[in-house]
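Take a look at the structure set out below.
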Amino acid sequence: MDKIDNLDKKILNIVMENARIPSKDIAEQCGVSRAAIHQRIQRLIDMNVIIGSGYNIDPHKLGYNTCTYIGVKLEKGSLYREAASELAKIPEVVECHFTTGPYSMLIKVYAHDNQHLMQILNDRIQHVPGVTETETLISLEQSMNRQIHIPLDKSRK
């Protein structure tokens with residue numbers, strides 16, 4: 001695997017903050033040419049360090065006012081892939097994690113309101129084969145949402 005150096009890390013920290021920033025501005029901040037930035041970003045995409053692209057949408061602006069985290073217990077952990085595949089068919093499920101601890105899975109769901117959430121839970125999630133139990137935690141407010149910080153190596157700046 002190719003090594004990620006401090007320039008790559010600098011670029012990643014900049015584009016995580018603003019993916020729409022012009023390459024010339026990144027080049028200025030990093031002290032390199034625009035062509036070097038283009039090459040580095042393409043290399044990071046090819047290495048699957050940068051995955052996907054797009055816009056972040058505020059679900060609240062679209063009427064999804066209830067954000068929940070749902071702990072899901074399965075009959076057997078080996079049913080995870082099948083359950084995850086079924087949960088992926090529910091558009092309001094935006095994240096799914098296979099976890100340790102009291103739940104087999106932790107999912108994040110957006111609903112218009114509590115009534116909609118109840119319908120998603122009762123009519124969809126709890127009907128997924130292998131699901132034996134759910135526990136719902138409603139998020140009252142999101143205080144932070146960020147990417148992981150990438151520290152630069154101290155020995156090389």
For L137 and T68, what are the C-alpha separation, side-chain angles and deciding distance, and is it a side-chain contact (heavy atoms from CB on, under 4.5 Å)? CA-CA 6 Å; L137 304 162; T68 61; over 6 Å; no
Distance from I37 atom CD1 to K24 atom NZ, nearest 0.5 Å? 13.0 Å
Applying a strict under-4.5 Å side-chain criterion to I, L, V, M, F, W and Y, I'd like to know whether V32 and I45 cluster together. yes
Identify the heavy atoms of K10 and L152 that sit nearest to each other, and give their distance. N-CD2, 3.9 Å
A side-chain contact here means heavy atoms from C-beta on lying under 4.5 Å apart; do P129 and E82 qualify? no
Closest heavy-atom pair, Q142 versus N145, reported as atoms and distance to 0.1 Å, is NE2-CB, 2.6 Å
Taking H116 for the side chain and A111 for the main chain, is one N or O donor matched with an acceptor at less than 3.5 Å? no
Do T134 side-chain atoms and V72 backbone N/O form a donor-acceptor pair below 3.5 Å? no
ILVMFWY network linking I120 to Y103, side-chain heavy atoms under 4.5 angstrom: no
Rounded to the nearest 0.5 Å, what separates atom CD in E133 from atom CD in Q126? 9.5 Å
From CD1 (I107) to CD (E92), nearest 0.5 Å: 10.5 Å
ILVMFWY clustering at 4.5 Å (side-chain atoms), partners of Y55: I57, L62, Y64, V94, Y110
Please check this pair: side chain of D8 against backbone of D5, looking for a donor-acceptor N/O pair closer than 3.5 Å. yes
If every non-hydrogen atom of Y69 is compared with every non-hydrogen atom of L106, which pair is closest and at what distance? CB-CD1, 4.4 Å
Specify the closest pair of heavy atoms between A83 and M105, including all atoms of both residues, with the distance to one decimal. CB-SD, 3.9 Å
Check whether any side-chain heavy atom of Q42 sits under 4.5 Å from a side-chain heavy atom of D46, and report yes or no. yes
Take I14 and Q29, measure what side-chain contact (heavy atoms from CB on, under 4.5 Å) needs, and give me the verdict at the end. CA-CA 9 Å; I14 292 167; Q29 288 183 45; 3.4 Å; yes
side-chain contact (heavy atoms from CB on, under 4.5 Å) assessment of H97 paired with E95: CA-CA 7 Å; H97 303 267; E95 288 184 26; 2.9 Å; yes
Evaluate D153 against K9 for side-chain contact (heavy atoms from CB on, under 4.5 Å), listing each step before the verdict. CA-CA 9 Å; D153 295 334; K9 291 175 182 179; 2.9 Å; yes
Nearest-0.5 Å distance, OG of residue S104 to CD of residue E75: 10.0 Å
Please tell me if the side chains of M47 and R43 come closer than 4.5 Å, counting only heavy atoms from C-beta onward. yes
Between C96 and L87, the two heavy atoms sitting closest are SG-CD1, 4.3 Å
Please check if any side-chain donor atom of N13 sits under 3.5 Å from a side-chain acceptor atom of E17, or the reverse. no
Does the side chain of C30 reach to within under 4.5 Å of the side chain of I11, using non-hydrogen atoms? yes
Quick one: are L117 and I138 in side-chain contact, heavy atoms under 4.5 Å? yes
Cluster check I150, I21: I/L/V/M/F/W/Y, side chain < 4.5 angstrom: yes
Return yes when atom CZ of R34 has more than 12 non-hydrogen atoms of other residues, nucleotides or ligands closer than 6.0 Å, and no otherwise. no
Could you give the distance from CG (L121) to CD (E135), rounded to the nearest 0.5 Å? 11.5 Å
Keeping the roles fixed (side chain from H127, backbone from N122), state whether a donor-acceptor pair exists under 3.5 Å. yes
Measuring from I125:CD1 to I70:CD1, what's the distance to the nearest 0.5 Å? 4.0 Å
Taking every heavy atom of P102 against every heavy atom of K73, the minimum-distance pair comes out as O-CE, 3.1 Å
